[in-house]
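Residue numbering restarts at 1 for every chain, and letters A, B, ... go by the order of the sequence lines. Heavy atoms only: backbone and side chains are in, while hydrogens, waters and symmetry mates are out.
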Amino acid sequence: MPLISPAENLLAGLSDRQREAVIHTDGPLLIVAGPGSGKTRVMAHRVAYLIGEKGVPAWKILAVTFTNKAARELRERCERLVGHGSDELQVRTFHGFCSRVLRSDGEHVGLKPEFTIYDTDDQARVARRILDEFDIDPKQFPPRALLGIISDAKNNMRSPAQLERRTETYRDEVASRVYAAYEGALQRANAVDFDDLLLKTYMLLEGFPEMLEKYQTRFDHLLVDEFQDTNPLQFQVARMLALKSQNICVVGDPDQSIYSWRHADPTNLTDFQSTFKDTKIVTLDQSYRSTQIILEAADSVIGNNDGRMEKNLWTENDRGTRISVAEAYNEDEEARLVLEAAANLKSQDGIGRNEVAIMYRVNAQSRAFEVACNREGIPYRLVGGVKFYDRKEVKDVLSFLRLAANPADDAALERIINVPTRGISAKTVAELRRVAITNNVPILDVILDISRVQSGDEDPPAYYAELATRALKSVSAFGDLITRLIEQSMALDTNELIDLIVEHSGYGAMLREDKERGEERMENLQELKASAEQFAGSEERGQLTDFLENVALVSEVDGLQGGDDTDVEEEAITLITLHQAKGLEYDAVFLVGLEEGILPHSRSVDDPTQIEEERRLLYVGMTRARKRLNLFRAFQRRFRGQSGSTMASRFLQEIPDSLVTTRDIRGHSRVADRMPDPMWTKRAASTPAPESAGRTGDQFEAGDKVRHGTFGDGVVVSSSGTGGDTQVTVAFAGQGVKRLMLSFAPLEKVVEEESVRQFDPDEDEIEIQDPDLFAP
DNA sequence: GGCTTAGATATTTTT
DNA sequence: TATCTAAGCC
């Protein structure tokens, strides 16, 4: 009997293509991996192969992912394959890796090792402060927009000076001025934003040959996951790291690029081939996940995008069930329909709640489902609600910790200088800030000076005249508090430090006063303490920075997830945005809100490039499903308080009829191609009354609100024919969609004040009668 | 200095 | 609809 070598064992069970990707270990490799094609598996096996067969030390391998979750998953799978000796394997997120580089070598680019990572909140705080300083109207130049421009510049490796040179509009000019000041502020605070983690690492590798050499030698093999989502900066960092060894393996799927609005540039995939000569390309196009029907439908949809890297997805899986497209009166009925169908899945197909996901385009859509779940008593998991670390009280206490770790952290200081209120007004803060900026020192320096003067150690400087005696006293007391905190941070574990903050800053007292939510908030602080405990025991100063870095870069905390009342262990339906669903899979997927303005989103409709991204978003959603895929739309949707009629998403037409079943609530199932519904099947199927036929007051048009003696209120979906022959399709609230002959059906038009969106199925161009309703 | 109120504003959000 | 901000008032 032949002995099975470890390599054979490792490669057993892989497809030819997968094996090819695993064993090509020398030189650049590009893996184009379709949904469900086993890319994580391939990456893990590749790592194991490098270690086990090629004798590469684990610590010489760097694998980079985008999310912590992906990193964790990959690490676990590698460990399972490799067993011992894989501890030193570097599996990190892009940001995590860069942060680590900068902690040890950031001095070259002006960073002290205990630098702070600013989140978007801090960034906004800095930006607002700068606008104030420059006397720029934040209404005219919203901080968010300016930060967007700055982020754009950073991700394209442009400095403030370079941005200024490219200035075309007044807005650009303002942005470049703010950018320069913003950089100054961060520099002064020994802080970086998320983009900086990448940018400064790039600058380090780019500007310091010995650093480049160091990190190029440090790693022999580089793997990059989700390569289609890399931005130019990330591409450059990866490129430089691998330039010497040429051993770089990137995995991606251009059809799943859904983050271009965050600077991701899928052309990196093609650029990769020109950057690294002799790149081997392996395409993984066999899906081990979805049924044939789901795959065909998804493929047909994505086929409408131009200039794709074509790949022919196939599967040995069953043909599967047809995709259902259901139509609801409004979002409440949509939710009811979905939950009903989900319940049926259990009895009919044995698919439990844990294997069901409801996916939507915008978070606001989750609401109807939460309400419905609560009403029906169905447990659900809402992905991406308010993050634990985003809670106010948590951020406040963290700001104290940040200040202890990095006394230059002005954003943290400004956040808590008057929380709880300790008699330091906005005006006082502004003055302290002004003095700090003038002297180019952190605000805390100014405050500590005041403390010293107050205790009679020094003579008062000139700016003292600007501050009231009472303010000086309060500021001095705050300075003493922080001084004590900094001292203690050298000696105490982080969790003990949290206790100290809560008890001595007045925060605990404030929460005990708060009868409404004080208790809950205090509990959150206890949670924070618990998460800090994991870092306790190690070298004091380092543990604080480590903890803070973890907070900044790891948004979720183990054991804290799950909806408010939903036990993590409990069987629950998942509510999730399409973006967040990437990389996940479920037996059954419900894609809801397939309407113009929702998917595709209204902000994307007039840009073909953005429409293509919306289509990819749908593609991602569809390919999350293993067995069942159900699409939903509502004829009417409340939007920002108002209600309006909707049009079917253009994407629905891109799914071949032969793969679809239309079904209404009560299970009357009808096959699409036998009974076309003009709202979403090919438009040729409907023959609306020509304009020349002359419209009477009784003429019904799509979007009209009507009332029926038996069925109640509804919305006209379409009408065809004239006079007594007129056939009207109406979606009734709670009754589903009905086709009615006007001559028999007692239909009455309901006249409403507000105009509604209407559409003419015969028009190719979409007409929006009231653009204000859905347009930005 | 903190509270109330009117007015504007509104995708997606891996880190 | 809900959420945030600036302004106005005690």
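Nucleotide B:dT14 holds its C1' atom 11 Å from the CD atom of A:Gln228, rounded to whole Å. In this structure, A:Lys69 atom NZ and B:dT15 atom C1' are separated by 15 Å, rounded to whole Å. One can place CG of A:Asp195 at 13 Å from C1' of B:dT14, the figure rounded to the nearest angstrom. Atom CG of A:Asp119 is separated from atom C1' of B:dT14 by 15 Å (rounded to the nearest Å). Atom-to-atom, CD of A:Glu73 to P of B:dT14 comes out at 16 Å; the value is rounded to the nearest Å. The CD-C1' distance, from A:Gln365 to C:dA2, rounds to 16 Å in whole Å. When the P atom of B:dT14 is taken as reference, atom CG of A:Asn155 falls 16 Å away, rounded to whole Å. Rounded to whole angstrom, the span from the NZ atom of A:Lys200 across to the C1' atom of B:dT15 amounts to 17 Å.
The side-chain contact (heavy atoms from CB on, under 4.5 Å) check on A:Ala185 picks up A:Val126, A:Arg129, A:Arg188, with sequence neighbours excluded. Shown here are the salt bridge (charged side-chain N to carboxylate O under 4.0 Å, His left out) partners of A:Glu393, two or more places apart in sequence or in another chain: A:Arg521. Legend: residues meeting ring pair (Phe, Tyr, Trp, His ring centres under 6.0 Å) with A:Tyr215, ordered by chain and number and at least two apart, are absent.
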If a protein heavy atom is under 4.0 Å from the base, mark B; if only from the sugar-phosphate, S; if neither, -; do that for nucleotides 3-13 of chain B going 5' to 3'. -------BBBB
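Nearer to the 5' terminus of DNA chain B, by closest-nucleotide assignment, is the contact made by A:Pro420 (compared with the other of A:Phe66 and A:Pro420). Comparing A:Arg422 and A:Ala264 along DNA chain B, the residue whose closest nucleotide (by nearest heavy atom) sits nearer the 5' end is A:Arg422.
Note on A:Gly384: nothing from the nucleic acid sits closer than 4.0 angstrom, heavy atoms only. The residue A:Ile424 sits close only to the backbone: its heavy atoms come under 4.0 Å of sugar-phosphate atoms, none of a base.
Side-chain contact check for A:Tyr182 and A:Gln123: at least one donor-acceptor pair (N or O, by modelled atom type) lies under 3.5 Å.
Looking at A:Val224, A:Thr40, A:Thr93 one by one, the single match for side-chain contact (heavy atoms from CB on, under 4.5 Å) with A:Thr65 turns out to be A:Thr93.
The salt bridge (charged side-chain N to carboxylate O under 4.0 Å, His left out) contacts involving residues 226-237 of chain A comprise A:Lys39-A:Glu226, A:Glu226-A:Lys582, A:Asp229-A:Lys582, where partners must be two or more places apart or lie in separate chains.
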Report all side-chain donor-acceptor pairs from residues 367-374 of chain A shorter than 3.5 Å, counting only partners two or more places apart or in another chain.
unit_1   : atom_1 : unit_2   : atom_2 : d
A:Glu370 : OE2    : A:Ser366 : OG     : 3.0
A:Asn374 : ND2    : A:Glu370 : O      : 3.2

